[in-house]
Number of protein chains: 2
Amino acid sequence: MKAQAQEKLTMKEMKPDTRTSLSDGIVEQLVDLISRDVLKPGDRLPSERELCKRLGVGRSSLREALRSLAVMGIIDGRVGDGTFVSNSNKRYLEKTLQWGLLLDRKKVQDLIETRLMLESQTAFLAAQRVTAKNIEAIEETLRGMEASIGQPEKYLEFDLQFHLTIARATQNSILYSLLSMIRGYLQEWIKGSLAEPSTTQTETRAELSLLEHQKILDALQKGEADQAQQAMTEHILSSSIDLQR
Amino acid sequence: MKAQAQEKLTMKEMKPDTRTSLSDGIVEQLVDLISRDVLKPGDRLPSERELCKRLGVGRSSLREALRSLAVMGIIDGRVGDGTFVSNSNKRYLEKTLQWGLLLDRKKVQDLIETRLMLESQTAFLAAQRVTAKNIEAIEETLRGMEASIGQPEKYLEFDLQFHLTIARATQNSILYSLLSMIRGYLQEWIKGSLAEPSTTQTETRAELSLLEHQKILDALQKGEADQAQQAMTEHILSSSIDLQR
DNA sequence: ATGCCTCAAAGGTCAGACCATTAATCATTA
DNA sequence: TAATGATTAATGGTCTGACCTTTGAGGCAT
């Protein structure tokens with residue numbers, strides 16, 4: 001039928017089809033509210049059903065809008081509790097970066113290589129920017145490793161935290177995010193090949209590993225960037241030997 | 001009621017609550033399909049109703065999953081037609097810049113820093129592994145840059161391809177993937193701040209840029225890894241000056 | 001106070017319906 | 001025959017109302 005097509009269409013100023021999808025419109029409204037600080041981080045949004053009535057849209061559309069914001073890391077839903085504005089919004093990059101990497105077929109060799117690149121320079125940066133608090137946190141993880149020697153599962157976890165804490169010390173969130181993902185993938189792979197017999201004695205390997213970590217920590221404490229990078233490089237190469245196959 | 005709570009819970013190996021939301025599970029499945037090239041860019045997904053039946057989920061959940069992928073720029077829905085896999089590695093932000101505010105200065109700085117880390121070492125690796133075919137492709141992009149001087153849009157595109165082609169030359173898909181994403185984000189940001197007046201003459205800047213790129217190519221051709229790394233580092237630092245602010 | 005129970009409200013999911021848009025098909029016309 | 005217009009089936013987009021599990025708060029008994 002197209003009712004308005006029957007009127008004389010004067011052709012003057014026909015809107016260039018500015019129709020945006022409904023849920024996108026909602027996203028825009030909410031982003032606007034948040035960017036104008038009407039909704040501050042930590043705030044709780046009205047319930048979905050409430051928002052539906054207020055915005056005059058169905059719950060599907062509303063939920064798709066919320067989903068968008070959640071993917072961007074702007075809001076965060078907790079079942080049974082409510083939906084909240086994320087404390088640190090702008091997580092969008094990390095989120096999509098994460099999914100993006102998921103798109104890749106993960107080859108262990110490539111992962112190790114990339115990890116070496118990133119983490120050696122991460123150590124360099126960290127040595128320059130590390131705070132007393134960071135050092136403390138790193139020491140904590142190292143103590144955890146010492147305490148859990150002989151328990152590979154636990155040890156690996158502290159190992160992971162050791163490296164991530166250093167990454168955090170660079171104050172570069174992108175870097176942290178990337179390393180976290182790469183190491184995460186490797187972690188899974190490592191666990192999978194834990195049972196396999198190692199060429200070197202596990203005990204000896206752990207002792208060596210501890211020494212290497214200690215060396216990295218030393219360099220960080222002294223703020224010796226080059227030294228930290230060197231120690232990290234050696235550590236990663238050394239610890240990757242068992243994985244190279 | 002909690003049926004299983006009534007059994008003797010032996011506490012051995014209780015899963016750390018690994019339950020993920022249903023739609024996130026779907027996202028993972030689809031991402032997996034795409035990453036394994038079962039679904040290639042440009043392909044059309046089965047209709048939503050079809051996917052529902054095949055995955056055994058309701059349409060809401062399915063749609064929320066699709067929404068996530070759409071926000072990330074991985075798929076693209078066209079009403080009345082179907083949903084398609086984005087012929088991608090390009091559409092990252094296109095949508096997102098509308099919601100603005102997502103890229104703050106700090107993040108851009110982090111991106112540049114991370115890019116410098118990755119790309120300098122990428123040049124190093126590429127110099128060792130580059131093939132004749134790679135060289136040819138790189139030369140191609142360089143010619144494109146020369147030809148499109150004075151047309152910032154086009155020039156930027158060839159610039160991007162230049163760097164990505166080098167990344168591809170490392171034969172490390174993870175590396176390529178990461179650089180592609182990082183550079184993609186920066187690209188959008190650069191475009192956004194294209195109109196702003198530059199301190200240096202655009203012409204002069206372009207000339208310099210060409211020289212820098214040529215220098216990198218030279219090093220790659222000669223297989224001089226250190227030299228390539230050095231040239232790349234200088235280039236990135238130089239070209240980032242206008243962005244540092 | 002402490003712990004347990006109940007219950008209302010929240011987000012998550014489902015099923016079925018309707019709408020607007022699109023592309024393909026078929027019928028009409030010049 | 002070729003161009004044009006109408007029909008139609010399928011698609012994504014939206015709405016509704018229902019049910020589920022989880023959560024936190026308030027009341028109850030200990």
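Hydrogens, waters and symmetry mates play no part in the numbers below; they use all other heavy atoms, side chains included. Reminder, nothing fancy here: chain letters follow the sequence lines and each chain counts from 1.
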Below 4.0 angstrom, N of the basic side chain to O of the carboxylate: do [X] and [Y] qualify?
| X | Y | answer |
| --- | --- | --- |
| A/Glu146 | A/Arg143 | no |
| A/Glu136 | A/Lys133 | no |
| A/Asp24 | B/Arg67 | yes |

Provide, to the nearest angstrom, the distance between the [atom1] atom belonging to [X] and the [atom2] atom belonging to [N].
| X | N | atom1 | atom2 | value |
| --- | --- | --- | --- | --- |
| A/Glu50 | C/dA8 | CD | P | 19 Å |
| A/Arg63 | C/dT13 | CZ | C1' | 8 Å |
| B/Glu48 | C/dG16 | CD | C1' | 15 Å |
| A/Ile75 | C/dA10 | CD1 | P | 15 Å |
| A/Leu66 | C/dA10 | CG | P | 14 Å |
| B/Glu64 | C/dG11 | CD | P | 12 Å |
| A/Leu51 | D/dT14 | CG | P | 16 Å |
| A/Arg78 | D/dG24 | CZ | P | 8 Å |

(request) Describe the nucleic acid contact of A/Arg44 in one word from base, sugar-phosphate, nothing, applying a heavy-atom distance below 4.0 Å. (result) sugar-phosphate
(request) Output the residues of residues 53-62 of chain B in contact with DNA chain C, where contact means a heavy atom of the residue under 4.0 Å from an atom of the strand; sort by number or write none. (result) B/Val57, B/Gly58, B/Arg59, B/Ser60, B/Ser61
(message) Quick one about A/Arg78 and A/Thr83 (side-chain donor to acceptor, distance below 3.5 Å, no hydrogens or angles considered), yes or no?
(response) no
(message) What's the closest nucleotide to the side chain of A/Leu22 if the choices are C/dT13, C/dG12, D/dC15?
(response) D/dC15
(message) Between B/Phe162 and B/Ile138, is there a side-chain heavy-atom distance shorter than 4.5 Å?
(response) yes
Contacts table for residues 54-63 of chain A: side-chain donor-acceptor under 3.5 angstrom, sequence neighbours left out:
residue : atom : partner : partner atom : Å
A/Arg54 : NE   : A/Glu50 : OE2          : 3.4
A/Arg59 : NE   : A/Glu48 : OE1          : 2.9
A/Arg59 : NH2  : A/Glu48 : OE1          : 2.9
A/Arg63 : NE   : B/Glu64 : OE2          : 2.7
A/Arg63 : NH1  : A/Glu48 : OE1          : 3.2
A/Arg63 : NH1  : A/Glu48 : OE2          : 2.7
A/Arg63 : NH2  : B/Glu64 : OE1          : 3.3
A/Arg63 : NH2  : B/Glu64 : OE2          : 2.9

(request) Starting from the 5' end of DNA chain D, give me the residue, A/Val79 or B/Pro46, whose nearest nucleotide shows up first. (result) B/Pro46
(request) Determine whether any donor atom in the side chain of B/Arg49 lies under 3.5 Å from an acceptor atom in the base of D/dG12, or the reverse, and answer yes or no. (result) yes
(message) Can you list everything that forms a ring pair (Phe, Tyr, Trp, His ring centres under 6.0 Å) with B/Tyr155? Sequence neighbours excluded, please.
(response) none
